[in-house]
Amino acid sequence: MYIKTRNVWILAALLCGQIGVQAQEALPKEVKVGKERIKARHEICLPQIDDYQLLKCDFHIHTIFSDGIVWPSLRVQEAWEEGLDAIAITDHIEGQPARRGLQTGNHNYSFDAAREEAFRRNIILIKGGEITRSMPPGHLNALFVEDLNVLDQKDYMKAIEEAHNQGAFIQWNHPGWGVNEIKWHDVHEELYKKGWLNGIEVFNEFEWYPVALDWVNEKNLTLLGNTDVHDVIERLYDFQTTTHRPMTLVLAKERTEEGIKDALFNRRTMVYFYDNLMGKKEYLDKFFWGAVQVSPVYYSSEKRNYLEIKNSSDVPFRLKKVDKARKGYPERIEIPARHSVTVVLSKDDNNTGKVQYEVENLIVSPREKLQVALF
């Protein structure tokens with residue numbers, strides 16, 4: 001009897017052990033919770049202008065190799081996700097690098113470190129550097145250079161000359177930053193007359209400079225707008241309140257570095273920041289009518305006509321009636337991005353001719369907005 005009982009207990013112990021082992025084996029190695037964010041490209045919807053490709057570009061960006069905080073290849077990834085076509089990494093020539101422990105003595109390194117990622121992401125990567133001096137002359141970006149190391153000169157005029165000799169496009173950055181008064185100094189006049197100053201960054205980060213826009217228009221310089229980003233781009237801009245970073249829109253004959261260079265030297269640019277566009281009247285007008293369609297009257301009542309205005313672009317339009325004498329037309333019309341609105345017109349207006357509206361967020365100069373004949 002004792003032997004039988006002992007055998008039963010042994011059998012029970014063996015069974016329990018097997019169950020425990022099976023229970024242990026049934027547990028998963030790990031339990032996944034959540035997943036990595038999908039890395040997808042946001043496509044910015046803009047209209048066609050003539051036969052040009054409208055390229056989205058940021059020509060003022062910093063990395064950890066000057067006073068930025070990110071690795072160069074991340075700048076390419078950010079640009080790709082945001083729908084850009086081209087960027088220029090423009091680390092400071094002077095005082096580079098600002099971060100301890102990084103490679104020194106080679107100003108081309110940040111470009112080289114980002115190049116392979118740019119190939120993989122189909123982003124046009126432009127080699128550039130920021131000549132960084134106190135005002136005057138201030139900070140100037142040299143774009144499309146071959147060797148940034150030769151820009152490392154004690155004499156800033158020698159540095160600018162070296163950039164010019166390499167065929168660089170030279171832009172004056174943020175002329176209102178760090179000064180009490182924005183001035184066109186004698187050295188800027190000298191650079192301009194030499195052909196060593198090709199454009200002005202009228203918009204930088206969160207601000208734009210009305211007097212600089214006047215200079216661009218008066219002196220026939222190229223208009224630019226950039227981020228000057230040092231931080232992670234999503235920490236600099238709140239993409240809950242805006243869909244895109246500030247950028248320069250380039251009207252290029254082809255989607256290449258040479259196409260961009262040709263457009264910059266021939267002043268075919270606009271600046272796109274928040275819901276605003278800035279540029280030549282000719283380009284703004286073509287942009288507006290490339291995005292907006294006004295339908296024929298689709299319904300008439302005894303006193304009113306009904307029609308529709310469609311906006312196919314990512315840029316909203318805010319319009320204000322200019323001719324106060326024209327009655328029966330809306331004083332203001334807002335056309336959201338990628339939306340249509342219904343407009344109701346009174347039949348009481350006996351005047352002939354189109355009704356003029358000012359597009360408040362399409363800026364020609366500090367004193368002028370684009371005007372369109374809407375109805």
Side-chain angles (χ1 to χ4, degrees), residues 42-49 52 54-58 82-84 174 176 200-217 222-227 237-251 267-294 308-324 329-343 354-375:
H42 168 70
E43 297 296 343
I44 301 172
C45 186
L46 303 174
Q48 180 83 23
I49 296 180
Y52 296 116
L54 200 54
L55 304 183
K56 288 81 67 180
C57 309
D58 188 349
E82 290 179 57
L84 270 64
H174 45 63
I200 303 178
E201 187 181 67
V202 173
F203 186 96
N204 173 277
E205 196 178 58
F206 295 109
E207 59 191 23
W208 71 280
Y209 313 105
V211 67
L213 179 56
D214 273 345
W215 292 335
V216 164
N217 291 333
T222 301
L223 173 69
L224 298 119
N226 305 300
T227 61
Y237 295 105
D238 182 1
F239 291 117
Q240 300 299 315
T241 59
T242 183
T243 60
H244 63 94
R245 71 171 74 188
M247 65 186 73
T248 303
L249 300 181
V250 174
L251 287 78
R267 301 169 295 283
R268 296 195 305 270
T269 62
M270 295 183 290
V271 172
Y272 179 27
F273 58 99
Y274 291 89
D275 290 340
N276 303 289
L277 271 179
M278 182 185 292
K280 294 179 181 178
K281 186 184 298 183
E282 170 194 359
Y283 296 151
L284 294 177
D285 187 71
K286 289 180 178 180
F287 186 101
F288 180 85
W289 289 114
V292 169
Q293 292 178 307
V294 181
E308 187 177 77
I309 304 179
K310 179 182 179 181
N311 177 8
S312 60
S313 80
D314 276 347
V315 180
F317 298 109
R318 302 189 302 273
L319 296 94
K320 180 177 70 175
K321 191 175 68 162
V322 175
D323 188 354
K324 299 299 182 183
Y329 294 90
E331 291 297 320
R332 290 186 173 274
I333 302 172
E334 293 199 18
I335 319 169
R338 298 206 207 186
H339 281 74
S340 299
V341 296
T342 299
V343 178
K354 294 281 190 177
V355 181
Q356 292 289 326
Y357 279 81
E358 179 183 79
V359 190
E360 293 181 312
N361 59 319
L362 267 56
I363 303 165
V364 179
S365 80
R367 291 160 294 278
E368 182 183 1
K369 309 293 175 58
L370 181 72
Q371 289 194 14
V372 295
L374 206 56
F375 308 112

A.B. asks: Taking Asp285 for the side chain and Trp289 for the main chain, is one N or O donor matched with an acceptor at less than 3.5 Å?
C.D. replies: no

A.B. asks: Show the nearest heavy-atom pair for residues Gly290 and Ser312, with the distance to one decimal.
C.D. replies: O-OG, 4.1 Å

A.B. asks: Looking only at atom types and distance, does a side-chain atom of Thr242 sit under 3.5 Å from a main-chain N or O of Phe239, one as donor and one as acceptor?
C.D. replies: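 Pair absent, no side-chain N/O of Thr242 close to backbone of Phe239.
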
A.B. asks: Salt bridge check: are Arg367 and Asp214 linked by an N-O gap of less than 4.0 Å?
C.D. replies: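 The answer is yes: the pair qualifies as a salt bridge.
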
A.B. asks: If you apply the rule side-chain contact (heavy atoms from CB on, under 4.5 Å), what do you find for His174 with Glu207, and how did you get there?
C.D. replies: CA-CA 9 Å; His174 45 63; Glu207 59 191 23; 5.5 Å; no

A.B. asks: Taking C-beta and beyond as the side chain, do Phe203 and Met278 meet within less than 4.5 Å on heavy atoms?
C.D. replies: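 No; the side chains remain at least 4.5 Å from each other.
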
A.B. asks: What I'd like to find out is whether the side chain of Glu334 reaches to under 4.5 Å of the side chain of Val341, using heavy atoms alone.
C.D. replies: no

A.B. asks: Any carboxylate oxygen within less than 4.0 angstrom of a Lys/Arg side-chain nitrogen, looking at Glu358 and Lys321?
C.D. replies: no

A.B. asks: Any idea which heavy atoms bring Asn361 and Arg318 closest together, and the distance?
C.D. replies: OD1-N, 3.2 Å

A.B. asks: Considering only heavy atoms from C-beta outward, does the side chain of Met247 approach that of Phe273 to under 4.5 Å?
C.D. replies: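 With C-beta onward as the side chain, the pair stays apart.
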
A.B. asks: Check Ile333 against Pro330 and note the closest heavy-atom contact, atom names and distance.
C.D. replies: CG1-CB, 3.8 Å

A.B. asks: Would a distance-only check, ignoring hydrogens and angles, find a side-chain to backbone donor-acceptor pair under 3.5 Å from Arg267 to Thr222?
C.D. replies: no

A.B. asks: Looking only at the side chains, is there a donor atom on one of Asp58 and Thr227 sitting less than 3.5 Å from an acceptor on the other?
C.D. replies: yes

A.B. asks: Leu284 and side chain to side chain contact (heavy atoms under 4.5 Å, CB included): which partner among Val359, Ile363, Leu370?
C.D. replies: Leu370

A.B. asks: Is the closest side-chain heavy-atom distance between Gln48 and Lys286 below 4.5 Å?
C.D. replies: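 Heavy-atom side-chain distance check fails, nothing below 4.5 Å.
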
A.B. asks: Give the minimum heavy-atom separation between Pro366 and Trp208, together with the two atoms involved.
C.D. replies: CA-CH2, 4.4 Å

A.B. asks: Measuring from atom CG of Leu46 to atom CG of Leu277, what distance do you get when rounded to the nearest 0.5 angstrom?
C.D. replies: 8.0 Å

A.B. asks: Rounded to the nearest 0.5 Å, what separation is found between the CD atom of Glu360 and the CG atom of Asn276?
C.D. replies: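 It comes to 10.5 Å.
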
A.B. asks: Would you please indicate yes or no on a ring centroid separation below 6.0 angstrom for Phe206 and Tyr237?
C.D. replies: yes

A.B. asks: Could you walk me through whether Leu374 and Val294 pass side-chain contact (heavy atoms from CB on, under 4.5 Å), step by step?
C.D. replies: CA-CA 8 Å; Leu374 206 56; Val294 181; 4.1 Å; yes

A.B. asks: Examine distances only and state if a side-chain atom of Asn204 and a backbone atom of Gly176 form a donor-acceptor pair shorter than 3.5 Å.
C.D. replies: no

A.B. asks: Evaluate side-chain contact (heavy atoms from CB on, under 4.5 Å) for Lys56 paired with Tyr272, printing each intermediate quantity in order.
C.D. replies: CA-CA 9 Å; Lys56 288 81 67 180; Tyr272 179 27; 5.8 Å; no

A.B. asks: Scan His244, Arg245, His42 and name whichever one has a side-chain hydrogen bond (donor to acceptor under 3.5 Å, both in side chains) with Glu82.
C.D. replies: Arg245

A.B. asks: Pro316 and Asp275: which non-hydrogen atoms are nearest, and at how many Å?
C.D. replies: CG-CG, 3.5 Å

A.B. asks: Quick one: are Thr248 and Val250 in side-chain contact, heavy atoms under 4.5 Å?
C.D. replies: yes

A.B. asks: Within the structure provided, determine whether Leu213 and Leu223 are in side-chain contact (heavy-atom separation under 4.5 Å).
C.D. replies: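 The answer is yes; the side chains approach within 4.5 Å.
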
A.B. asks: Working to the nearest 0.5 angstrom, can you tell me the gap between Tyr357 OH and Phe317 CZ?
C.D. replies: 16.0 Å

A.B. asks: Got a second to check how far Ile309's CD1 is from Ile335's CD1, nearest 0.5 Å?
C.D. replies: 4.5 Å

A.B. asks: First locate atom NZ of Lys369, then atom CD of Gln371, and finally report the distance between them rounded to the nearest 0.5 Å.
C.D. replies: 11.0 Å

A.B. asks: Indicate the atoms forming the closest heavy-atom contact of Phe287 with Ser313, along with that distance.
C.D. replies: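 So the minimum-distance heavy-atom pair works out to CE2-OG, 4.4 Å.
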
A.B. asks: State whether a side-chain donor-acceptor pair under 3.5 Å links Glu201 with Asn226.
C.D. replies: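 Present: a donor and an acceptor within the cut-off.
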
A.B. asks: Hey, what do you get for CD1 (Ile44) to CG (Leu55), rounding to the nearest 0.5 Å?
C.D. replies: 11.5 Å

A.B. asks: Let me see the working for Asp314 and Arg338 under side-chain contact (heavy atoms from CB on, under 4.5 Å), right down to the final yes or no.
C.D. replies: CA-CA 6 Å; Asp314 276 347; Arg338 298 206 207 186; 2.6 Å; yes

A.B. asks: Over 60° means perpendicular and under 30° means parallel, so classify the ring planes of Phe375 and Tyr329, tilted if in between.
C.D. replies: parallel

